[in-house]
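One structure is given below, encoded as structure tokens.
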Amino acid sequence: MDGPLGFDVGMDEHEPRRVVEVFERFATANGVSDLVVQRFCLALDEILTNVISYGFEKVPEEPRIRVDFGLGDELLEVRIEDNGRSFNPLADAPLPDFTLPVDERPIGGLGIHLAKNLVHDISYRRDKKRNCLTLTQPLQGATGDPNP
Amino acid sequence: MIAAVSGRVDSVNATSFEQELSKAMEGGSSRLVVDCGELSYISSAGLRILLLAVKKTRAQGGGVALCQVQDHVREVLEVSGFTRIMTVRDTVEQAIDSF
């Protein structure tokens, strides 16, 4: 089994796809099920796209984004850290309203909703002016509903 | 009108997906079938384009129907509430017949 893997992510719109591809190779090579790989790829993509697009508006610091993948016998863990503006996607992202008629539905706002609903557990903390998100998935019985 | 989409649709190529769908709708048809048989991945950037297509076609009395949707993509559509606003069928023929 591969050890943990971590690297910096640049402020470029192509970076989420690169990270997703690295994660896909890492997780697939270590036997993570296709279903979990796909769900995590989407969550990573959405969270990183959000950070790169909006996380550093009016932030004077040099952007620093880092991802770490960890895999044990029973747990898959992905950490995403950035020094952008304080943003807790679990509390600060508006909930989409699916009861709205089509012509009133907003065009955006689905990315964080998808990430929250496709990953078994996401936790957030603000630490030393950094947003720290941890996505976890138990690896046994990792099929069906991600939030049983 | 039938359009086929393949591979990945994410924030990198969502704009070209939008252009291709617009081209497909240029003929004036307000009924759009999207064959997703070869679509392996879609993020919210791609969903945004589908939503725009639904708004556009519905405004003209039509709509969007998807078919041959892979399991993971179907899950994304369900979690996003998109299965409430567009038809999803198993085959191209069923999608065409849904209008």
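Everything quoted here is computed from the prediction, not taken from an experiment. First the proteins, then the strands, lettered A, B, ... as listed; each starts at 1.
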**Complete:** Answer key: most heavy-atom pairs under 4.5 Å with chain B among Asp34(A), Val102(A), Thr49(A) is Val102(A)
**Asked** Which bit of Arg48(B) comes within less than 4.5 Å of chain A, counting heavy atoms only: side chain, backbone, both or neither?
**Response** both
**Asked** Taking non-hydrogen atoms and a cut-off under 4.5 angstrom, which of residues 51-68 of chain A neighbour chain B?
**Response** none
**Min side-chain heavy-atom separation Gln38(A)-Glu75(B) under 4.5 Å** = no
**Item:** Spacing of Arg105(A) atom CZ and Leu51(B) atom CG [to the nearest 0.5 Å]
**Value:** 7.0 Å
**Message:** Is there a path of hydrophobic side-chain contacts, each under 4.5 Å between heavy atoms of I/L/V/M/F/W/Y residues, joining Leu75(A) to Val37(A)?
**Reply:** no
**Prompt:** Heavy-atom distance under 4.5 Å to chain B: side chain of Pro106(A), backbone, both or neither?
**Reply:** backbone
**Prompt:** So, the side chain of Lys55(B) versus the backbone of Ile107(A): is there a donor-acceptor pair under 3.5 Å, distance only?
**Reply:** no
**Item:** Same cluster (ILVMFWY, side-chain, under 4.5 Å), Leu139(A) and Leu5(A)
**Value:** yes
**Message:** Between Glu46(A) (side chain only) and Ser43(B) (backbone N and O only), is there a donor and an acceptor less than 3.5 Å apart?
**Reply:** no
**Request:** Count the heavy-atom pairs under 4.5 Å between each of Leu52(B), Val54(B), Val76(B) and chain A, then report the option with the highest count.
**Result:** Val76(B)
**Rounded distance (nearest 0.5 Å) linking atom OG of Ser80(B) with atom CG of Leu114(A)** = 4.0 Å
**Message:** Please rank Leu42(A), Leu110(A), Val20(A) by heavy-atom pairs under 4.5 Å with chain B and give me the top one.
**Reply:** Leu42(A)
**Request:** Establish whether Met1(B) and Val88(B) are linked, either directly or via other cluster members, by ILVMFWY side-chain heavy-atom contacts under 4.5 Å.
**Result:** yes
**Prompt:** Between Tyr124(A) and Phe40(A), is there a shared hydrophobic cluster once you connect ILVMFWY residues whose side-chain heavy atoms come closer than 4.5 Å?
**Reply:** yes
**Prompt:** Do you know the tightest heavy-atom contact between Asp45(A) and Tyr41(B)?
**Reply:** OD2-OH, 2.6 Å
**Message:** Any salt bridge linking Asp10(B) with Arg17(A)? Criterion: basic side-chain nitrogen under 4.0 Å from a carboxylate oxygen.
**Reply:** yes
**Asked** Going hydrophobic residue to hydrophobic residue with side-chain gaps under 4.5 angstrom, can you get from Val9(A) over to Phe26(A)?
**Response** yes
**Message:** Please output the residues of residues 57-74 of chain B in contact with chain A, using a heavy-atom cutoff of under 4.5 Å, in numerical order.
**Reply:** Arg58(B), His72(B)
**Request:** Answer with side chain, backbone, both or neither: which region of Ile49(B) has an atom nearer than 4.5 Å to a non-hydrogen atom of chain A?
**Result:** neither
